[in-house]
Amino acid sequence: MTIVRLAELCDSSENVIRNYEKSRRLPQVDMLVRICNALKVSPEYLLQDGLVYQSNHAGEELLQKISRLSPKNVSVLTDMVDTLGKYDDVNELIR
């Protein structure tokens, strides 16, 4: 599939998709879901080279729970994860 086609299917731009492909940016959860749906693959498949699992079962369970959320709740979850990431960044600066 071309970047142009994937961008169309994800209702996004070619530059955004290209930045994901080149690891310049990471997609938020809602975009990850759109990419997975467009490619007909699981999030785990796309992330398998970058994920380090302590428990494969725990990761699968979390992905299943996320997949059952409404788009609005996925957005809320994304905001929460972003906030937690900022909190971790601040704690690293303090240390």
Side-chain angles (χ1 to χ4, degrees):
M1 180 178 299
T2 66
I3 290 175
V4 173
R5 182 65 180 139
L6 183 58
E8 289 172 357
L9 291 172
C10 294
D11 193 29
S12 188
S13 73
E14 294 172 44
N15 286 337
V16 168
I17 301 298
R18 191 170 285 111
N19 284 332
Y20 298 150
E21 182 180 44
K22 302 214 181 265
S23 298
R24 292 182 194 140
R25 289 184 58 196
L26 294 174
Q28 292 194 359
V29 173
D30 62 326
M31 178 58 83
L32 179 61
V33 170
R34 286 189 269 166
I35 292 169
C36 290
N37 287 334
L39 297 174
K40 296 180 172 66
V41 298
S42 70
E44 183 178 56
Y45 176 80
L46 286 183
L47 301 171
Q48 66 187 346
D49 293 335
L51 293 176
V52 177
Y53 287 106
Q54 289 183 350
S55 167
N56 192 27
H57 178 70
E60 289 175 9
E61 184 179 340
L62 180 59
L63 290 173
Q64 287 175 356
K65 288 179 180 180
I66 292 170
S67 72
R68 292 191 295 264
L69 293 175
S70 69
K72 182 178 179 179
N73 284 336
V74 168
S75 178
V76 169
L77 179 61
T78 300
D79 291 343
M80 290 172 59
V81 170
D82 288 344
T83 300
L84 288 171
K86 290 175 187 172
Y87 180 75
D88 284 344
D89 292 343
V90 169
N91 282 336
E92 288 298 320
L93 291 173
I94 294 172
R95 290 182 195 171

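The structure displayed is predicted, hence computed values, not measured ones.
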Legend entry - Derivation of the side chain to side chain contact (heavy atoms under 4.5 Å, CB included) call for Leu46 and Leu39: CA-CA 10 Å; Leu46 286 183; Leu39 297 174; 4.0 Å; yes
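- A donor atom on one side chain and an acceptor atom on the other are found under 3.5 Å apart for Asn19 and Arg24.
- Rounded to the nearest 0.5 angstrom, Arg18 CZ and Ser13 OG are separated by 9.0 Å.
- Ion pairing between a basic and an acidic side chain is recognised when a charged N comes within 4.0 Å of a carboxylate O; Arg34 and Asp30 show such pairing.
- By the neighbour-count criterion of 12 heavy atoms within 6.0 Å, atom CE of Met1 is densely surrounded, having more than that number from other residues, nucleotides or ligands.
- Rounding to the nearest 0.5 Å gives a distance of 11.0 Å between CG of Leu63 and CZ of Arg68.
- Going from atom OH of Tyr20 over to atom OG of Ser12 covers 5.5 Å, rounded to the nearest 0.5 Å.
- In this structure, Ile17 CD1 and Ile3 CD1 are separated by 8.0 Å, a value rounded to the nearest 0.5 Å.
- The SG atom of Cys36 sits 11.5 Å away from the CE atom of Met31 when rounded to the nearest 0.5 Å.
- The cluster map of Ile, Leu, Val, Met, Phe, Trp and Tyr, joined by side-chain heavy atoms under 4.5 Å apart, puts Val4 and Leu9 in different clusters.
- Put simply, OG on Ser75 and NZ on Lys72 are 9.0 Å apart, with the number rounded to the nearest 0.5 Å.
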Legend entry - Derivation and outcome, side chain to side chain contact (heavy atoms under 4.5 Å, CB included), residues Asp82 and Gln28: CA-CA 9 Å; Asp82 288 344; Gln28 292 194 359; 3.5 Å; yes
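- The side chain to side chain contact (heavy atoms under 4.5 Å, CB included) search around Val81 returns Leu77, not counting sequence neighbours.
- Open room surrounds CG on Leu26; 12 or fewer heavy atoms of other groups in view lie less than 6.0 Å from it.
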